[in-house]
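Notes follow the structure.
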Amino acid sequence: MKTVNALIIAAVLSLTAAAAAAEDIPVKIGVLNDRSGVYADLAGEGSVIAAKMAVEDFGAAAKGIKVEIVSADHQNKPDIASNIARQWIDQDGVDVIADVPTSSAALAVSEVVREKNRIFLVSGAAASDLTGAKCSPNTVHWTYDTWALAHGTGKAMVEQGGKKWFFITADYAFGQALERDTAAVVKASGGEVVGSVKHPFPGQDFSSFLLQAQSSGAQVIGLANAGGDTINSIKQAAEFGITQGGQKLAGLLIFITDVHALGLETAQGLVLTESFYWDKDDGTRAFAKRFGELNGGKMPSMVHAGVYASVLHYLKAVEALKSKDPKAVMAKMKEMPSEDPLFGKGQIRADGRHVHDMYLVEVKKPEESKGAWDYYKILTTIPADQAFRPLGQGGCPLVK
Amino acid sequence: MLSISTNALFGQLLLGLINGAFYAVLSLGLAVIFGLLNIINFAHGALYMMGAFVAWMLLNYLGLGYWSALIIAPLLVGLVGIVIERTMIARLYRLDHLYGLLLTFGLALIIEGLFRHRFGVSGLPYVIPKELSGGYNIGFMYLPLYRAWVIVASLVVCLATWYVIDHTKLGSYLRAATENPELVGAFGINVPRLITLTYGFGVGLAAFAGVLAAPIYSVNPVMGANLIIVVFAVVVIGGMGSILGSIVTGFGLGLVEGLTKVFYPEAASTVIFVIMAVVLLIRPLGLFGKAA
């Protein structure tokens with residue numbers, strides 16, 4: 001009798017296990033970014049942590065979605081990025097690729113993901129082309145883009161009287177896109193561009209370019225670069241008395257990790273555009289506190305926040321459909337409005353652009369800061385419908 | 001751009017000279033090490049970075065400011081160099097150059113990896129010391145006091161090093177020890193110790209440049225990796241192992257690079273390598289190199 005009982009129990013157990021396995025949807029998310037170079041702090045391991053937190057907060061396991069997260073270092077090189085993407089999809093069964101800073105790498109990955117029909121959730125990359133001329137039915141661009149940065153910071157500076165601009169631009173896809181988008185805003189708002197210089201990426205000494213900017217008679221020096229290049233530019237601008245001389249610096253892409261590296265002494269007074277600030281409200285603070293505990297005390301950047309929110313939204317779509325079919329999931333993600341504690345309410349448009357509020361912030365003076373990572377004053381909130389490029393203007397073939 | 005004024009041109013030349021000062025101090029250290037030890041020290045960039053980080057740590061952990069760091073950081077990093085030389089490099093003197101290069105390259109990757117793991121890549125802030133902040137309008141440009149200090153400090157260190165090696169008794173021992181270690185040893189001079197101290201000194205020079213760089217460049221783990229390749233080109237152009245050659249070429253190439261940044265900025269990172277290729281074609285031993 002005992003053996004019969006045991007057999008029955010075993011049979012029942014294996015049946016339920018099999019049933020559970022049949023219902024579980026296995027999802028594999030690949031976080032692809034810079035893990036060792038200039039963007040490793042603003043993306044890197046932090047993005048993996050953010051993706052894991054999204055899976056945990058969503059309670060994926062309890063909802064029948066079995067999520068596995070893998071990660072790799074693309075070294076900011078488009079060829080390495082597209083090779084990893086190809087291998088992940090072809091051999092490792094990856095369904096979603098997330099993050100991918102460095103615009104040139106993201107554009108390459110977007111092509112691969114489109115060809116293989118998977119889903120690409122961009123957070124780290126900036127080029128507005130991802131939802132413009134080079135948009136893809138498989139790509140969602142979540143956190144920010146060059147258009148939003150240009151309009152946020154560029155417009156605010158022109159309105160404050162900075163009509164004449166000089167650009168210091170990183171000589172690759174991202175820098176050129178950022179200069180192009182900002183120059184357009186400056187001209188549209190009644191300003192003019194008096195000169196620009198393209199520097200090799202990455203650079204070390206920017207004093208020569210800053211001196212050219214200084215003698216150009218510009219009122220605003222637009223820094224169309226990122227990471228270490230921006231840090232060095234701002235450090236050296238302070239040294240050469242550029243800001244004391246009345247010229248203003250516009251950091252067109254500055255992350256909170258850059259402000260941390262600069263120190264408030266040097267960075268104070270910079271005006272910049274962000275889509276996320278950890279100390280904005282209770283929701284963001286709660287997220288930041290947990291994130292910080294997992295990330296050596298460092299607060300999340302907007303790129304980390306974007307990875308969290310986009311993965312969360314993806315999982316919601318999979319749950320609603322009980323399927324991970326890329327076409328259906330993309331349609332569902334665009335149909336459902338998004339809501340999360342970090343970006344609030346938002347929506348993914350036909351071109352793949354996720355729209356949400358953006359914030360124009362100013363870096364605090366050292367005496368205004370109450371502690372570590374207390375860096376920003378929020379000047380204005382740019383509402384979602386004005387923060388991003390109007391749907392019809394990007395030249396995306398998906399928009400009819 | 002071609003209609004640039006004389007004033008602006010002077011300004012750019014001066015900036016080039018300042019960057020050249022960094023090249024000179026770094027390539028000088030490399031030249032000393034190569035000239036006297038025959039080691040191609042690829043860890044030089046990592047040790048330069050370590051110099052900047054030690055300055056940061058002295059300030060943030062011990063409250064010691066820039067001036068103390070300028071002395072202490074080269075000593076500490078030089079000490080690290082001495083340990084590296086004694087425990088590892090000393091085993092390679094009888095082998096081909098390539099082994100020393102591979103070892104120091106590996107060391108550089110390890111050191112950079114450790115700092116990256118501990119401090120991240122964005123870098124750390126280091127403020128210009130109060131005494132050297134601000135600057136003067138010198139007619140054709142605004143010259144930050146700190147940059148002027150960089151030129152003066154580098155020139156003094158470079159010339160002093162050159163003088164010691166070329167014109168003093170200690171220098172003559174060193175040069176003799178390189179030519180014929182057995183013979184010099186027979187005169188009662190401790191050759192291995194001399195070589196160890198030389199390596200420590202070369203490394204100390206790198207750390208000195210690192211401290212000079214901390215207030216104006218981003219203090220981050222890859223700051224040396226970006227610079228080391230250029231500095232190697234400087235050493236090759238100057239002539240491997242030539243002390244005076246590395247100093248003159250360092251300042252000279254800073255000037256050339258500065259001019260490129262004005263007339264064709266996109267090429268600023270490649271111009272030095274173009275010059276290197278041309279020099280190698282015409283004078284394979286470098287501008288100041290002598291046949292061994």
Side-chain angles (χ1 to χ4, degrees), chain A residues 34-42 44-46 168-169 171 195-212 214-216 227-236 238-242 244-245 255-267 295-296 298 301, chain B residues 1 4-5 7-8 11-12 14-16 18-19 22 112-113 116-128 132-137 140-147 213 215-223 225-227 230 254 257-262 264-270:
Chain A
D34 177 5
R35 295 176 64 82
S36 54
V38 286
Y39 303 140
D41 283 350
L42 61 94
E45 177 63 17
I168 296 180
T169 304
D171 195 11
S196 85
V197 58
K198 292 191 171 48
H199 68 78
F201 163 78
Q204 169 96 342
D205 191 72
F206 292 84
S207 48
S208 167
F209 310 127
L210 288 164
L211 218 62
Q212 293 175 38
Q214 198 172 27
S215 59
S216 71
D229 288 348
T230 310
I231 292 174
N232 274 330
S233 307
I234 295 172
K235 232 179 163 178
Q236 291 160 17
E239 193 197 345
F240 277 85
I242 290 201
Q244 295 92 311
F255 295 94
I256 194 160
T257 43
D258 300 329
V259 174
H260 186 66
L262 278 164
L264 290 180
E265 188 65 45
T266 318
N295 194 38
K298 290 183 215 149
S301 70
Chain B
M1 263 302 159
I4 185 166
S5 68
N7 275 358
Q12 296 294 344
L14 189 60
L15 286 178
I18 298 167
N19 284 332
F22 281 102
E112 279 170 14
R116 194 157 54 206
H117 182 71
R118 177 69 185 80
F119 295 101
V121 292
S122 295
L124 304 165
Y126 195 93
V127 181
I128 295 178
L132 293 175
S133 58
Y136 297 103
N137 196 331
F140 55 87
M141 72 177 285
Y142 176 89
L143 179 67
L145 199 53
Y146 190 82
R147 298 268 172 160
I216 49 176
Y217 296 150
S218 166
V219 179
N220 69 55
V222 291
M223 64 190 285
N226 295 339
L227 207 57
V230 175
E257 200 188 45
L259 287 178
T260 319
K261 280 179 177 165
V262 181
Y264 189 52
E266 288 89 338
S269 59
T270 35

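Residue numbering restarts at 1 for every chain, and letters A, B, ... go by the order of the sequence lines.
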Non-hydrogen side-chain atoms of [X] and [Y] separated by less than 4.5 Å:
X	Y	result
A:Leu211	B:Leu15	yes
A:Leu264	A:Val259	yes
A:His260	A:Phe255	no

Quiz item: Based on non-hydrogen pairs under 4.5 Å, which of A:Pro200, A:Gly241, A:Gly228 is most in contact with chain B?
Solution: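 Most heavy-atom pairs within the cutoff with chain B belong to A:Pro200.
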
Self-check item: Which of A:Ser36, A:Gly263, A:Ala267 touches chain B most, by non-hydrogen pairs under 4.5 Å
Solution: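 Highest number of heavy-atom pairs under 4.5 Å: A:Ser36.
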
Quiz prompt | Side-chain H-bond candidate by donor/acceptor type, A:Asp41 with A:Thr257, under 3.5 Å | solution =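 No, no side-chain donor-acceptor pair sits under 3.5 Å.
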
Heavy-atom distance under 4.5 Å to chain B: side chain of [X], backbone, both or neither?
X	value
A:Phe209	side chain
A:Ser207	both
A:Lys235	side chain
A:Leu262	backbone
A:Ser208	both

What donor-acceptor contacts under 3.5 angstrom involve side-chain atoms of residues 215-222 of chain B, with partners at least two apart or in another chain?
unit_1   : atom_1 : unit_2   : atom_2 : d
B:Tyr217 : OH     : A:Asp205 : OD1    : 3.3
B:Tyr217 : OH     : B:Asn19  : OD1    : 2.9
B:Ser218 : OG     : B:Asn220 : ND2    : 3.0
B:Asn220 : OD1    : B:Val222 : N      : 2.9
B:Asn220 : OD1    : B:Met223 : N      : 3.0

Quiz prompt | For B:Arg116, all residues meeting side-chain hydrogen bond (donor to acceptor under 3.5 Å, both in side chains), sequence neighbours excluded | solution =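 Counting only residues at least two positions away or on another chain, B:Arg116 forms no side-chain hydrogen bond (donor to acceptor under 3.5 Å, both in side chains).
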
